[in-house]
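This report refers to the structure that appears directly beneath it.
Residues take their numbers from the sequence shown, with the count starting at 1. Basis for what follows: all heavy atoms, side chains included, without hydrogens, waters or symmetry-related copies.
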Amino acid sequence: KRQGLALGALAPAGGRLDGRVRTAILVGLGVFLASAAISATPALSLLGRFPRYEGLLTVAAYGTLLALGARLLSARDHNNREAFLSALAVAAGVNALVAASQLIGAPTHRVTGLLGNSSILGAFGVVALAALGSRLLVGMRSWGLIAGTLAGGMCLALSASRGALVGLAVAAVVGAAALALRKTGRARW
C-alpha cells in the first residue's frame, strides 16, 4: 500500500478527482465509522484486530489509493485507462494461475494467489470482473479483455470468499442499473 501511495502521489494526474468519487469515499468512511461505533468493541473496530489490523488507518489508506487511482485514470485520459485495464488483465491471469497451482498443490488449504489471503484474492477477482467485464458488455472485444475477465472469475471462484461473492452481487446490481440509466439517456449517473 505504501508503495502505491508514493507512486500515485508522484505520478502526473490525468485529471481532477471527480466529486462523485470523493463523495463515495466519504460515504464509505462514514459507513465504516458508524459500523465501528455500534459494534460490541468500538475501539478495537477502529484500531483493527489481529492478524490484519484493518482499522481506520488501513481504511484511510484504501480511500487514498482509490482517490489517487481515480485521479490518475480520469475519463479524459484514454491511454492511462487502457494501460490500467491491460495491467489488470495480466495481473488477473497471473493470480489465477498461482491460485490454481495452490489448489492443486494443497487442496485442503484456502488459496491466496499472490495477494496474502483469500478475501483479498476474491475482492481482486470482483474488481477484475467488473472493470474488464464491463468493457466487454459495452462492445469492446480483445483477447486480453476476455482472458482477463475469465481469470478474474477464476480468482473469485478459487478464493471461495463469501464476502467477495456479495461484492460481485452488488457490482452486478450497480452495473445493471448503470446500463439501464445509460439507455434512458442519463449516462452521467
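- Other members of a hydrophobic cluster containing L57 are absent, since no ILVMFWY side chain comes under 4.5 Å of it, directly or through relayed contacts.
- Sequence neighbours left out, not one pair with a member in residues 159-171 passes salt bridge (charged side-chain N to carboxylate O under 4.0 Å, His left out).
- When all heavy atoms of T149 and G133 are compared, the closest pair comes out as OG1-N, 3.5 Å.
- Within the hydrophobic cluster formed by Ile, Leu, Val, Met, Phe, Trp and Tyr side chains joined at under 4.5 Å, directly or through other members, L29 is accompanied by F32, L33, L46, L56, V59.
- Taking the side-chain hydrogen bond (donor to acceptor under 3.5 Å, both in side chains) definition, one finds that S45 meets it with S39, sequence neighbours left out.
- Residue S161 comes nearest to S119 through the heavy atom pair OG-CA, 3.8 Å, listed as atom of the first residue, atom of the second, then distance.
- Judged as a side-chain hydrogen bond (donor to acceptor under 3.5 Å, both in side chains), and not counting sequence neighbours, T108 has no contacts.
- Under a hydrophobic-cluster definition in which Ile, Leu, Val, Met, Phe, Trp and Tyr are linked whenever side-chain heavy atoms come within less than 4.5 Å, directly or via other members, L114 and L132 are assigned to different clusters.
- Under the side chain to side chain contact (heavy atoms under 4.5 Å, CB included) criterion, A60 pairs with no residue, sequence neighbours left out.
- L103 is linked by a side chain to side chain contact (heavy atoms under 4.5 Å, CB included) to V111, L158, counting only residues two or more places apart in sequence or in another chain.
- In plain terms, the two heavy atoms of L115 and L121 that are nearest each other are CD1-CA, 3.9 Å.
- L85 contributes atom CG, which lies 7.5 Å from atom OG of S134 (distance to the nearest 0.5 angstrom).
- Hydrophobic clustering, with ILVMFWY side chains joined whenever heavy atoms are under 4.5 angstrom apart, groups L150 together with F124.
- The shortest non-hydrogen separation linking A89 to G144 is CB-O, 3.5 Å.
- Partners of L44 under the side chain to side chain contact (heavy atoms under 4.5 Å, CB included) rule, at least two apart in sequence or in another chain, are T41, R49.
- Each salt bridge (charged side-chain N to carboxylate O under 4.0 Å, His left out) pair with one or both residues in residues 135-147, not counting sequence neighbours, appears once here: E82-R135.
- Applying the side chain to side chain contact (heavy atoms under 4.5 Å, CB included) rule to A96 yields the partners A151, M154, C155; only residues at least two apart in sequence or on another chain are considered.
- Sorted pairs that involve residues 23-36 and meet salt bridge (charged side-chain N to carboxylate O under 4.0 Å, His left out), not counting sequence neighbours, are lacking altogether.
- Using a 4.5 Å cut-off between side-chain heavy atoms of Ile, Leu, Val, Met, Phe, Trp and Tyr, L129 falls into a hydrophobic cluster with V126, L156, L165, L168.
- Placement of L88 and L136 within a single hydrophobic cluster is found when ILVMFWY residues are connected by side-chain heavy-atom separations under 4.5 Å, directly or transitively.
- Closest approach of G122 and A164 over heavy atoms only: C-CB, 3.4 Å.
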